[in-house]
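Below is one structure, written out as structure tokens, with a few remarks after it.
Only a predicted model underlies this, so the values are computations on that prediction, with no experimental measurement involved. In what follows, chains carry the letters A, B, and so on, assigned in the order in which the sequence lines appear, proteins first and then strands, with residues in each chain numbered from 1.
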Number of protein chains: 2
Amino acid sequence: MSSTNSVKKILIADDEPDILEIIQYNLQNEGYEVATAKNGLIALEEAKRFNPDLIILDIMMPGKNGIEVCNLLRMQPAFKDTLIIFLSALSDEVTEVKGLETGADDYITKPVSPKVLVSKVNALFRRLNKEDTGILQLGDLKIDREKYMVSYFDKEIILARKEFELLALLASKPGKVFLRNEILNQVWGTEVIVGDRTIDVHVRKVRQKLGLDCITTVKGVGYKFDL
Amino acid sequence: MSSTNSVKKILIADDEPDILEIIQYNLQNEGYEVATAKNGLIALEEAKRFNPDLIILDIMMPGKNGIEVCNLLRMQPAFKDTLIIFLSALSDEVTEVKGLETGADDYITKPVSPKVLVSKVNALFRRLNKEDTGILQLGDLKIDREKYMVSYFDKEIILARKEFELLALLASKPGKVFLRNEILNQVWGTEVIVGDRTIDVHVRKVRQKLGLDCITTVKGVGYKFDL
DNA sequence: TAATTCAGTTAACAATTTAATAATACGACT
DNA sequence: AGTCGTATTATTAAATTGTTAACTGAATTA
């Protein structure tokens with residue numbers, strides 16, 4: 001199974017050595033870990049051994065073709081969720097639809113520019129990692145934007161909305177000094193007009209509830225988050 | 001934001017009425033709910049109103065082009081995770097790479113066969129919905145989305161439809177705070193307009209029927225499910 | 001050094017928002 | 001007609017939010 005953090009592993013299966021090499025080179029350049037297979041059977045073995053996050057499959061290969069390989073992979077629980085991209089010289093509609101319905105995530109027709117291929121791969125991983133929740137982890141302080149929850153050393157701290165938004169804003173760029181105006185615009189919006197003291201008071205409440213000196217005052221300028 | 005159970009909504013933006021119509025027809029045939037926009041500005045408005053799960057954007061449109069629209073959408077938190085596919089007659093490498101790097105999930109060059117497009121759309125949703133099993137088991141609480149049934153300690157609890165959908169939504173991501181707007185969109189849809197109090201009342205009923213304190217209110221923000 | 005000013009802190013209070021509840025109304029369906 | 005599901009409204013209760021005013025400490029000035 002693929003970890004969200006680590007370097008992504010990609011297996012490329014194609015019977016043309018040139019293509020294999022070009023794609024491998026470009027993906028490695030982008031920081032991916034790459035393995036290759038020069039036919040369908042080897043691809044299956046490599047998939048087991050290498051446990052890739054993404055498999056790029058040529059359709060027309062000697063022995064087992066790409067679609068067969070895909071089917072065999074999808075049958076195994078271990079590869080149920082593995083990303084699969086078909087790469088094919090066949091650009092006919094029927095094959096493409098069949099390929100996608102087999103459970104592939106994309107179908108790219110050759111010839112394809114390496115840069116475009118890399119972009120598509122990036123896009124797939126980007127989307128998959130969107131799963132990550134908007135959690136900010138700063139030392140022992142955790143700010144979960146989705147859950148509207150702050151915890152320190154796993155102890156939950158209840159913040160009111162404005163308090164939370166203020167903290168989330170400051171913590172979004174630790175070290176950066178936010179001007180009072182920025183804070184007003186971000187947290188309170190441009191419509192509402194509130195006095196300057198209001199910010200101070202909210203800062204105080206956050207400090208108090210956190211019991212942690214992480215909001216620093218920069219006199220005459222604004223506030224910043226610093227652990 | 002996309003509901004786990006409901007029909008997926010797709011917004012298509014293209015300045016060519018023919019294309020708009022063909023795509024719309026094919027996607028509706030596949031069971032999707034479709035809205036259309038004939039230029040970039042309208043697309044932005046429709047996105048806000050219709051709240052689609054996927055937006056298919058033509059790149060060359062009068063006024064705002066697709067890439068601009070994509071950028072504007074991605075800036076708004078509400079559309080940060082919305083699926084976006086570019087559709088373009090431009091097949092040059094630079095535009096395609098730029099499009100994908102802008103945050104699109106796919107880039108398809110015209111002309112495209114409607115069947116292939118539909119397959120690609122299906123593939124995207126398939127990938128996104130991987131964890132969407134019908135039954136949710138949360139501690140001793142079981143929620144069966146297919147049978148519209150809830151049980152606690154094997155004791156069946158009858159919920160009305162809206163009540164059920166509300167609970168199912170909140171329980172789909174335990175801990176996550178759902179904004180009132182999200183709840184309205186998911187449970188009631190974008191078409192119907194109901195007052196804010198309606199949500200409260202339904203929350204109350206669910207709490208009452210479950211006899212279980214699993215829905216927490218987060219003042220000023222929304223509600224969350226927590227066991 | 002003492003007085004003054006400036007900027008921010010603090011605590012108490014008031015105003016405003018927001019949600020829970022109960023009672024009510026209206027259809028759809030039986 | 002009666003029940004059920006749904007949405008609205010009014011009332012009440014509670015929490016958040018904003019303001020005020022007094023306080024503190026540092027920097028500035030006389």
Per the side chain to side chain contact (heavy atoms under 4.5 Å, CB included) rule, which among B:D106, B:L57, B:T102, B:V69 passes with B:I84?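 Of the listed residues B:D106, B:L57, B:T102, B:V69, the side chain to side chain contact (heavy atoms under 4.5 Å, CB included) partner of B:I84 is B:L57.
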Could you pull out the protein-nucleic contacts involving nucleotides 22-26 of chain C (nitrogen or oxygen on both sides, under 3.5 Å)?
{"residue": "C:dA22", "atom": "OP2", "partner": "B:R204", "partner atom": "NH2", "Å": "2.7"}

Between B:I158 and A:L159, which residue's closest nucleotide on DNA chain D lies nearer the 5′ terminus?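 That would be B:I158.
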Send over the distance from [X] [atom1] to [N] [atom2], rounded to a whole Å.
X: A:E165; N: C:dT17; atom1: CD; atom2: C1'; result: 14 Å
X: B:I183; N: C:dA19; atom1: CD1; atom2: P; result: 10 Å
X: B:I215; N: C:dA19; atom1: CD1; atom2: P; result: 14 Å
X: B:I199; N: D:dT9; atom1: CD1; atom2: P; result: 15 Å
X: A:F164; N: D:dT16; atom1: CZ; atom2: C1'; result: 16 Å
X: A:R161; N: C:dT17; atom1: CZ; atom2: C1'; result: 10 Å
X: A:D196; N: D:dT17; atom1: CG; atom2: C1'; result: 16 Å
X: B:K209; N: D:dT6; atom1: NZ; atom2: P; result: 8 Å

Within less than 4.0 Å of OP1 or OP2 of [N], is there a side-chain N or O belonging to [X]?
X: A:Y223; N: C:dA7; result: no
X: B:H202; N: D:dT6; result: no
X: B:R180; N: C:dT18; result: no
X: A:W188; N: D:dG18; result: yes
X: B:Y148; N: D:dG5; result: no

Worked verdict on A:K147 versus A:E156 for side chain to side chain contact (heavy atoms under 4.5 Å, CB included): CA-CA 11 Å; A:K147 296 186 176 171; A:E156 196 171 323; over 6 Å; no
Pair B:K110, B:E16 - check salt bridge (charged side-chain N to carboxylate O under 4.0 Å, His left out), show working. CA-CA 12 Å; B:K110 293 190 215 176; B:E16 295 165 70; 3.1 Å; yes
Is there a side-chain contact between B:N185 and B:K9, using heavy atoms and a 4.5 Å cut-off?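 No, side chains not in contact.
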Which is true for A:T217 with a 4.0 Å heavy-atom rule: it touches a base, it touches only sugar-phosphate, or it touches nothing?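 A:T217: backbone/sugar contact only, no base atoms under 4.0 Å.
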Please determine whether the number of non-hydrogen atoms from other residues, nucleotides or ligands lying under 6.0 Å from atom NZ of B:K38 exceeds 12.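 Count not over threshold, so no.
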Non-hydrogen atoms of B:Y32 and B:N122 that approach each other most closely: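 For B:Y32 versus B:N122, the nearest heavy atoms are OH-OD1, 2.5 Å.
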When you measure from the side chain of B:K219, which nucleotide among D:dG18, C:dA19, D:dG5 comes out closest?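 Taking heavy atoms from C-beta onward, the closest nucleotide is C:dA19.
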Could you point out which residue of B:K120, B:R127, B:R126 forms a side-chain hydrogen bond (donor to acceptor under 3.5 Å, both in side chains) with A:D105?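 The option that passes is B:R127.
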